[in-house]
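Okay, so here's the structure we're looking at.
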There are 2 protein chains.
Amino acid sequence: MVEPDPKTPRERYRAQVRAEIKEHAWEQIATAGVPALSLNAVAKQMGVSGPALYRYFAGRDELITELIRDAYQSLADTFREALAAGADVAGLAHALRGWALADPQRYFLIYGTPVPGYHAPEDTTRISSQIMATLLDACAALTPDGPTTPLGAHLEEHRDWAEGHPAPSAALHQALNFWTRLHGVLSLELAGHFAGMGLDPALLFAAELDDLLTRRV
Amino acid sequence: MVEPDPKTPRERYRAQVRAEIKEHAWEQIATAGVPALSLNAVAKQMGVSGPALYRYFAGRDELITELIRDAYQSLADTFREALAAGADVAGLAHALRGWALADPQRYFLIYGTPVPGYHAPEDTTRISSQIMATLLDACAALTPDGPTTPLGAHLEEHRDWAEGHPAPSAALHQALNFWTRLHGVLSLELAGHFAGMGLDPALLFAAELDDLLTRRV
DNA sequence: AGGTTTCGTTAGAACCTATCACGCAACACC
DNA sequence: GGTGTTGCGTGATAGGTTCTAACGAAACCT
């Protein structure tokens with residue numbers, strides 16, 4: 001979580017204040033959503049006056065970008081740790097849901113409503129690739145080989161996003177299925193659509209995961 | 001689209017101005033997202049001064065709520081018309097994607113990132129039920145009968161959201177699958193995640209739809 | 001035509017982001 | 001340890017937002 005780079009005392013202090021700002025920002029986002037994130041309110045919480053924060057972040061947009069970056073990294077770490085702990089695809093799915101439920105707005109920061117003009121910085125797409133790579137690892141272990149599906153052929157042609165991952169096309173297809181389907185149920189759960197219908201989100205998620213595992217490709 | 005209720009000239013004018021305000025609001029949302037929607041900017045576009053709009057909407061929140069209502073209604077109409085034109089489940093899926101691509105932000109207004117504190121008004125949930133009812137119609141026609149899945153049992157117990165729709169549990173399950181899976185691929189497409197990976201969203205959507213149709217429950 | 005309702009205006013309060021110039025404290029170097 | 005430089009926090013300021021209040025004018029209804 002923390003950067004072990006306390007070169008000068010100044011950088012040390014700076015990193016600490018930046019972290020504290022982000023901490024308060026996460027709190028605001030979790031309770032009222034991204035639109036309600038206010039630099040002024042964060043400053044007030046820290047007992048400091050508004051413009052002080054501009055020493056640490058160029059503006060509101062840069063702070064949000066940083067939070068998005070951290071969200072990506074947090075998910076990548078969660079996946080990596082789960083896989084290192086011996087989790088299979090189902091374990092990864094469980095880790096994903098737990099991570100999302102811990103802070104729904106953090107999930108939506110990555111996979112939620114996009115801002116039309118916004119373009120994510122380069123490194124977030126790199127971290128995103130790491131996430132997919134972890135998922136590919138698990139899928140390749142689950143599906144060592146399989147028939148190439150029609151979509152698998154397309155994925156084979158455009159496997160740049162796999163970044164040289166040596167997974168067969170069946171694993172590519174399955175990883176994509178996991179991603180899109182789990183996102184489907186999970187995002188609807190986090191948005192409260194199932195609760196509004198009197199359904200149990202955990203059951204829907206489990207059923208979708210089970211379908212993915214038992215009826216793979 | 002228009003309400004044929006021009007009782008008094010005043011109400012007629014009022015409805016027209018409200019519609020014009022919403023028109024400009026949609027434009028802003030489509031180009032810059034909901035957070036960028038500004039009553040002031042709308043007023044400026046209409047050549048009128050800021051507070052004038054408060055005669056027509058109690059505030060920014062009520063305007064957004066009205067837009068959400070219209071979005072729900074628009075999707076419900078699209079589904080209803082598609083079904084009336086003889087569309088099956090695949091036709092509904094195609095209609096859904098077309099409707100979403102026509103204005104992605106409108107789709108996200110319904111199925112996108114939720115605002116933590118916000119609770120949708122009663123009638124939007126009613127329109128939402130109409131949408132699900134249309135989907136259930138199509139699914140019941142496609143799957144006249146089938147084995148009750150484990151999840152189907154749960155859906156059978158909590159079929160309030162079907163609002164008395166006489167569909168078998170297999171159809172309930174399939175309708176839910178359609179919803180969650182198409183939302184999964186569609187929302188990721190609209191958010192640009194596939195484009196960032198060099199994948200063809202149309203192919204992914206078609207593949208998921210094909211899987212839903214050929215390997216149903 | 002008169003009375004009432006409704007509309008659009010300007011003024012203003014309370015927020016927000018963001019920039020600037022200033023004073024001061026902390027660090028770094030000698 | 002003193003001195004110079006760097007960085008930090010401040011208040012002031014500009015321009016943006018939502019939203020309320022009071023006023024004048026226009027349109028409607030009777």
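Note that the structure is a prediction, hence the values are computed from the model and not measured. Throughout, protein chains are lettered first and strands after them, A, B, ... in sequence-line order, and every chain is numbered starting at 1.
For DNA chain C, the contact window with chain B, defined by any atom under 4.0 Å from a protein heavy atom, covers C:dT5 to C:dA11 in 5' to 3' order. When DNA chain D is scanned 5' to 3' for any atom under 4.0 Å from a heavy atom of chain A, the first and last hits are D:dT6 to D:dA12.
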| message | As a quick check of understanding, evaluate side chain to side chain donor-acceptor pair (under 3.5 Å) for B:Ser187 and A:Tyr111, giving each step before the final call. | response | CA-CA 9 Å; B:Ser187 66; A:Tyr111 295 116; over 6 Å; no
| request: For A:Arg14 and A:Glu11, run salt bridge (Lys or Arg N to Asp or Glu O under 4.0 Å): C-alpha distance rounded to whole Å, both residues' side-chain angles, the deciding distance at 0.1 Å, then the answer. | output: CA-CA 5 Å; A:Arg14 185 176 178 79; A:Glu11 290 183 11; over 6 Å; no
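A:Val42 is listed as a side-chain neighbour of A:Leu37, based on a closest heavy-atom distance under 4.5 Å. Residues A:Asp123 and A:Tyr72 fail the side-chain proximity criterion, which asks for heavy atoms closer than 4.5 Å.
Atoms CG and CG, from B:Asn177 and B:Leu151 in turn, are 7.5 Å apart once rounded to the nearest 0.5 Å. Rounding to the nearest 0.5 angstrom, the gap separating the CZ atom in B:Phe194 from the CG atom in B:Leu186 is 9.5 Å.
Taking the nucleotide of DNA chain D with the nearest heavy atom to each of A:Arg14 and B:Asp61, the more 5' of the two is matched to A:Arg14. Each of B:Ala52 and B:Arg10 was assigned the nucleotide of DNA chain C with the nearest heavy atom; the assignment lying further toward the 5' end belongs to B:Arg10.
Across all strands shown, B:Tyr56 has heavy atoms under 4.0 Å from sugar-phosphate atoms exclusively, and none from any base.
The residues A:Glu208 and B:Arg181 are annotated as salt-bridged, a charged nitrogen and a carboxylate oxygen being separated by less than 4.0 angstrom. The pair B:Asp77-B:Arg80 meets the salt-bridge criterion, since a charged nitrogen lies less than 4.0 angstrom from a carboxylate oxygen.
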